[in-house]
Amino acid sequence: MLGAEERAVLAEENAYGEPGADRRLRLLGTYVALSLRPAAGAWERCAGTAEAEQLLQAFLDSNAAEGPRPLLVVRPGPGGLAVRPGLEVRPESGPAGAKGLFFLRTGSEPPGPDSFRGSVVCGDLPAAPLEHLAALFSEVVLPVLANEKNRLNWPHMVCEDVRRHAHSLQCDLSVILEQVKGKTLLPLPAGSEKTEFVDSKSETVLDSIDKSVIYAIESAVIKWSYQVQVVLKRESSQPLLQGENPTPKVELEFWKSRYEDLKYIYKQLRTIKVRGMAKLLNKLQSSYFPAFKAMYRDVVAGEDQQVFSQMCLTQITVES
């Protein structure tokens with residue numbers, strides 16, 4: 001909500017706006033000026049471009065009764081301000097660490113010319129929204145949910161369901177963040193810490209491990225196998241199929257990236273926790289243990305093949 005100073009600025013902007021101009025654009029510009037503090041005239045230059053005009057009119061005039069709510073993002077750009085119709089994982093340009101501003105339509109009817117109250121909400125947007133969301137979730141939401149005082153009256157089934165969904169969301173965020181870096185993260189299932197020091201020779205292993213943990217581990221093996229196959233099936237010829245003409249440097253970068261990804265996966269499979277999970281599946285004679293071994297062999301074979309391919313390509317490039 002705007003304070004007294006902001007409302008005064010807004011009233012002045014509306015009072016001296018150009019006749020016939022869309023006053024809602026002045027409203028948006030006021031919010032941008034108060035939040036981002038751009039250079040004088042930056043908003044007018046940005047809003048005056050053909051691309052921005054189209055995006056702004058679509059945001060302000062579209063009927064939001066059906067489908068997703070219209071979203072508009074304003075970020076600092078190299079030449080001033082840039083308007084986007086949605087979120088970007090990593091902004092393509094603009095000062096490093098510079099925040100943006102988002103506008104979200106909350107009402108189905110287009111906002112009025114005098115106020116956005118009840119129809120549009122706005123707020124600051126971090127420079128890296130995914131990283132910000134992941135940190136917020138792990139450092140604020142999860143500790144609140146983990147505190148037993150906050151769920152004294154919750155039934156046990158509700159607690160378990162919330163815990164499972166929270167862990168799943170945390171894993172999804174972690175996987176996406178690593179994908180942005182070109183790496184494949186194998187998310188550990190809930191309860192995997194209990195398998196870190198599993199004694200494969202113990203006859204009471206079934207009694208010491210909860211059945212839900214075993215189910216989570218077997219589900220993780222399925223998900224990991226799919227992730228590994230996605231990496232192994234990537235082809236350097238994909239740019240050719242898309243009509244591009246990649247250079248030898250692009251080919252080398254592809255194989256280098258693929259090798260680094262496979263090495264990253266291999267290191268994850270060699271951790272104590274994952275080895276404990278494999279020992280547990282083997283001890284239980286789980287039908288998913290052969291799938292785990294096959295996945296491990298595929299990663300090792302893919303890594304060896306990767307090294308050979310990269311050496312050959314490097315040799316070819318040097319000779320040419």
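Just so it is clear, the structure is predicted and the values come from calculations on it, not from any experiment.
- Residues satisfying the side-chain contact (heavy atoms from CB on, under 4.5 Å) criterion with Tyr266, sequence neighbours excluded, are Arg270, Tyr296, Val299, Val300, Glu303.
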key: Worked check of side-chain hydrogen bond (donor to acceptor under 3.5 Å, both in side chains) between Glu178 and Thr184   = CA-CA 6 Å; Glu178 291 300 308; Thr184 301; over 6 Å; no
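- Here CZ of Arg234 is found 5.5 Å from CG of Asp261. Values are rounded to the nearest 0.5 Å.
- By the 4.0 Å N-to-carboxylate-O rule, Asp124 lies close enough to Lys99 to be salt-bridged with it.
- Both Leu27 and Leu55 are assigned to one and the same hydrophobic cluster, defined by single-linkage of ILVMFWY side chains at heavy-atom distances under 4.5 Å.
- Side-chain polar atoms of Gln170 and Ser138 form no donor-acceptor pair below 3.5 angstrom.
- Salt bridge status for Asp61 with Arg105: absent, with no side-chain N to carboxylate O gap under 4.0 Å.
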request  = Determine, stepwise, if the pair Glu260 / Lys263 fulfils salt bridge (Lys or Arg N to Asp or Glu O under 4.0 Å).
outcome  = CA-CA 5 Å; Glu260 293 294 333; Lys263 186 168 68 171; 3.7 Å; yes
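- Under a hydrophobic clustering in which Ile, Leu, Val, Met, Phe, Trp and Tyr are joined whenever their side-chain heavy atoms come within less than 4.5 Å, directly or via other members, Leu186 and Val213 fall into the same cluster.
- Leu185 and Leu188 fall into different hydrophobic clusters, where Ile, Leu, Val, Met, Phe, Trp and Tyr side chains are chained together by heavy-atom contacts under 4.5 Å.
- Under a 4.5 Å side-chain heavy-atom criterion applied to ILVMFWY residues, the cluster that includes Val230 comprises Tyr226 as well.
- Considering all non-hydrogen atoms of both residues, Pro111 and Phe116 come closest at CB-CD2, 3.7 Å.
- Under the side-chain contact (heavy atoms from CB on, under 4.5 Å) criterion, Ala220 pairs with Pro189, Trp224, sequence neighbours left out.
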task = Any chance you could lay out the side chain to side chain contact (heavy atoms under 4.5 Å, CB included) test for Val120 and Thr106, step after step, and finish with the verdict?
result = CA-CA 5 Å; Val120 176; Thr106 57; 5.7 Å; no
task = I would like to know whether Phe103 and Val73 meet side chain to side chain contact (heavy atoms under 4.5 Å, CB included); could you show each step before the answer?
result = CA-CA 6 Å; Phe103 296 93; Val73 174; over 6 Å; no
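- Sorted by first and then second residue, the side chain to side chain donor-acceptor pair (under 3.5 Å) pairs involving residues 158-167 (not counting sequence neighbours) are Glu160-Arg163, Asp161-Arg164, Asp161-His165.
- Take Asn153 and apply the side-chain contact (heavy atoms from CB on, under 4.5 Å) test, not counting sequence neighbours, and it matches no residue.
- Other residues, nucleotides and ligands contribute more than 12 heavy atoms inside 6.0 Å of the CD atom of Gln57.
- One hydrophobic cluster, built from ILVMFWY side chains closer than 4.5 Å, holds both Leu281 and Leu269.
- Taking the side-chain contact (heavy atoms from CB on, under 4.5 Å) definition, one finds that Ser225 meets it with Val221, Met295, sequence neighbours left out.
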